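So the structure is just underneath, and the comments pick up after that.
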Amino acid sequence: GAVVSQHPSWVICKSGTSVKIECRSLDFQATTMFWYRQFPKQSLMLMATSNEGSKATYEQGVEKDKFLINHASLTLSTLTVTSAHPEDSSFYICSETTGNTEAFFGQGTRLTVV
Amino acid sequence: QKEVEQDPGPLSVPEGAIVSLNCTYSNSAFQYFMWYRQYSRKGPELLMYTYSSGNKEDGRFTAQVDKSSKYISLFIRDSQPSDSATYLCAMIEGGSYIPTFGRGTSLIVHP
């Protein structure tokens, strides 16, 4: 099956700094990447959908200037949390699909903003 | 009403029990159904994927879809403590590629 590599798995940063999370497709070239946020004991909340070479589509209520998504190549998508604040602390997960409907997830990144 | 309903649990069972996890949905356009397992602080792992009504078996796991009742199930036979995790159901409309997730059921298998 497809393999998605996400890193870092855990990051602690100071309030006001920016953090970049990377997701890399190892087995195939993902057409679409999804970025999710997950709070403890809650389901996945879709933040945005990105396609290679085009601007990401953000879900309602997600600040696109705060959560910058870049999908410059078929194998790499990045999420940058800009000017992070403690309320941005969460578990962020990427997911890729080839368009055949199955979605494969990265390992997740636990972000703690202090 | 959410499109996908899933009891968050926790569901606690003894080792060796048969586990039944369920989701109901309201959107008749859903055609693809998936079950994911998520361990604490890890990304979800795809367990089962199906697109038709009926049963699909893979080892100790059986996925069941009843489109007429808008109800899907995941059965785990001979449950093990290592099966303790959160199980998420997910569904996709035909022609779409964006899944809708249930909130997940926390399963605890105790020795």
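Labels below follow one simple rule: chain letters A, B, ... track the order of the sequence lines, proteins then strands, and each chain is numbered from 1. This is a predicted model, so every value here is computed, not measured.
The candidate from B/S40, B/P44, B/G43 with the greatest count of non-hydrogen atom pairs under 4.5 Å with chain A is B/P44. For the set B/G104, B/G102, B/P8, the entry with the most heavy-atom pairs within less than 4.5 Å of chain A is B/G102. When each of B/E45, B/Q6, B/Q31, B/Q38 is checked for heavy-atom pairs under 4.5 Å with chain A, B/Q38 comes out on top.
With values rounded to the nearest 0.5 angstrom, A/F91 atom CZ is found 8.0 Å from B/K42 atom NZ. In this structure, CZ on B/F101 lies 14.5 Å from CD on A/Q42, to the nearest 0.5 angstrom. Here A/T49 contributes atom OG1 and B/I98 contributes atom CD1; the two are 4.5 Å apart, rounded to the nearest 0.5 Å.
Connection of B/L88 to A/L46 is established within a shared hydrophobic cluster, with ILVMFWY side chains joined at heavy-atom distances below 4.5 Å, either directly or through further cluster members. Residue A/W35 is not grouped with residue A/L68 when hydrophobic side chains (ILVMFWY) are merged at heavy-atom distances under 4.5 angstrom, including chains of intermediate members. Residues A/M47 and A/Y58 fall within the same hydrophobic cluster, defined by Ile, Leu, Val, Met, Phe, Trp and Tyr side chains chained together at heavy-atom separations under 4.5 Å. Clustering ILVMFWY residues whenever any of their side-chain heavy atoms sit less than 4.5 angstrom apart, transitively, puts A/I21 in a cluster other than the one holding A/L76. Taking hydrophobic clusters as Ile, Leu, Val, Met, Phe, Trp and Tyr residues chained together by side-chain heavy-atom distances below 4.5 Å, A/V19 does not share a cluster with A/V114.
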Pair A/F105-B/Y39, ring-ring contact (aromatic ring centres under 6.0 Å, His included): steps then yes or no: CA-CA 13 Å; A/F105 288 85; B/Y39 292 111; over 10 Å; no
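Between the side chain of B/Y36 and the backbone N or O of A/A103 there is at least one donor-acceptor pair closer than 3.5 Å.
More than 12 heavy atoms of other shown residues, nucleotides or ligands fall within 6.0 angstrom of atom CZ in B/F61. Counted within 6.0 Å of NZ on A/K64, heavy atoms from surrounding residues, nucleotides or ligands total 12 or fewer; the atom is thus considered open.
Neither the backbone nor the side chain of A/Q6 comes within contact range of chain B; no heavy atom of the residue lies under 4.5 Å from a heavy atom of that chain.
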